[in-house]
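Remember, predicted model here, so these are calculated numbers, not experimental data. Per chain, numbering begins at 1; letters A, B, ... match sequence-line order.
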Amino acid sequence: MPELPEVETVRRALEPRLRGLTISACEIRKPGFNHKALPGALRAAQGETIAAVRRRGKYLILDLSNGKNLVLHLGMSGRLSFGQNGPHTRFVLRAGSVSVAFHDPRRFGRVGCALPLLGPEPLSPEFTPEHLFRALKKSRAGVKTLLMDQRVVAGLGNIYATEALYLAKIRPGRPGRRVSRAECAALHDAIVRVLSLAVESGGSTLEDESFLDPAGNPGGFQKFVNVYGRKAGRACGHALKATPKPLAGRTSLYCPQCQK
DNA sequence: ACGAGTACCTGGCAGC
DNA sequence: TGCTGCCAGGTACTCG
């Protein structure tokens, strides 16, 4: 579920509540969760003060006073909430009087993991049309597969890759190397616009209401979604189609009339 | 070496 | 109503 805008929304909610507080509890609540954690990562966070709450791609990073950090990933179904334990609470962090619970029914989320190699932040100056062009040019894979490759650019998932390709009028299955420089400029611009608007909107809360910020508020970007989960394009009104084969294992919708 | 496919999980929902 | 199968915002592995 959570892509860059949702994770950034979570970060903005956490930062003012957690910064400067000392961690008093940092515990896995359900056995079998999080077997990929770095050994000792949770224990090392105990008693440390939270210096900052950062985000890199879809990862949340708590910077700690001992110079280490605690990395979280929400996976597909992960959600953080203040207070409140539930049946799917996998992990709890307490600092000062604040308690944050990590709920994750599908258990794809992680806590205390290593940060992998990631491409540039799409809303930073390091992400340029030229970077995108060079990354796409190297590969025969579909352009959408490449946009969702976190080493190309960090933070895009199925929703926002789909939306950006629609705005840039490029079919998701087109090989990356066949996207021209001019189209890359349009795609770069579309990615920046979609993500900026989605961050401002507080992320996407689709009909199943799977995304809520830590205070329980839904996002607003679903009002602007053109393609994802729709039958017709919101802007163009044309019937949407799915690619014959999924790309990177995901359903890929596009407008056959507008996207080439 | 690259890229496609699959495994990891559970819940919700459409269809029979 | 109740079963079955299918699908889901992600990542990381394996295999050809």
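Side-chain N/O atoms of A/His73 include one lying less than 4.0 angstrom from OP1 or OP2 on C/dT11. Contact annotation: A/Lys58 reaches the phosphate of C/dT11 (side-chain N/O to OP1 or OP2, under 4.0 Å). In this model, the phosphate group of C/dT11 is approached by a side-chain N or O of A/Gln150 to a distance below 4.0 Å at OP1 or OP2. Side-chain nitrogen and oxygen atoms of A/Thr145 include none within less than 4.0 Å of the OP1 or OP2 phosphate oxygen of B/dG3. In this model, the phosphate group of B/dG11 is approached by a side-chain N or O of A/His88 to a distance below 4.0 Å at OP1 or OP2.
The P atoms of C/dT11 and B/dG12 are separated by 23 Å, rounded to the nearest whole Å. Taking atom P in both B/dC9 and C/dC3, the straight-line distance is 25 Å, to the nearest Å.
Each of A/Asp149, A/Thr243, A/Asn158 was evaluated against A/Lys144; a single residue qualifies, A/Asn158, per the side chain to side chain donor-acceptor pair (under 3.5 Å) test. The one candidate from A/Tyr228, A/Phe221, A/Tyr166, A/Phe224 that meets the ring-ring contact (aromatic ring centres under 6.0 Å, His included) condition with A/Tyr160 is A/Phe221.
For A/Phe108, whose side chain is taken as the heavy atoms from C-beta onward, the closest listed nucleotide among B/dG11, B/dC9, C/dT11 is B/dC9. Checking C/dA8, B/dC9, B/dG3 against the side-chain heavy atoms of A/Ala141 singles out B/dG3 as nearest. Listed nucleotides C/dG10, B/dC9, C/dA12 differ in distance to A/Glu3; the shortest reach to its side chain belongs to C/dG10. Taking the side chain of A/Thr251 as heavy atoms from C-beta on, and the options C/dC7, C/dG10, B/dC9, the nearest nucleotide is C/dC7.
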Under the 3.5 Å Watson-Crick or G-U criterion, the dot-bracket string of DNA chain B, with | for inter-strand pairs: .|||||||.|||||||
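Atom CD of A/Gln259 and atom CG of A/Leu167 lie 9.0 Å apart (nearest 0.5 Å). With rounding to the nearest 0.5 angstrom, the CG atom of A/Leu42 is 9.5 Å from the CG atom of A/Leu93.
Backbone-only engagement by A/Arg110 is indicated by non-hydrogen atom pairs under 4.0 Å involving sugar-phosphate atoms exclusively. Note on A/Tyr228: a base of the nucleic acid sits closer than 4.0 angstrom, heavy atoms only.
Side-chain N/O atoms of A/Arg106 and base N/O atoms of C/dA8 include a donor-acceptor pair closer than 3.5 Å. For A/Arg140 and B/dG3, a side-chain-to-base donor-acceptor distance below 3.5 Å is absent, hydrogens and geometry of angles not being considered.
Salt bridge annotation for A/Glu15-A/Arg54: absent, with no cationic side-chain nitrogen under 4.0 angstrom from a carboxylate oxygen.
Map A/Ile159 and A/Tyr59 each onto its nearest nucleotide of DNA chain C; the residue landing nearer the 5' end is A/Ile159.
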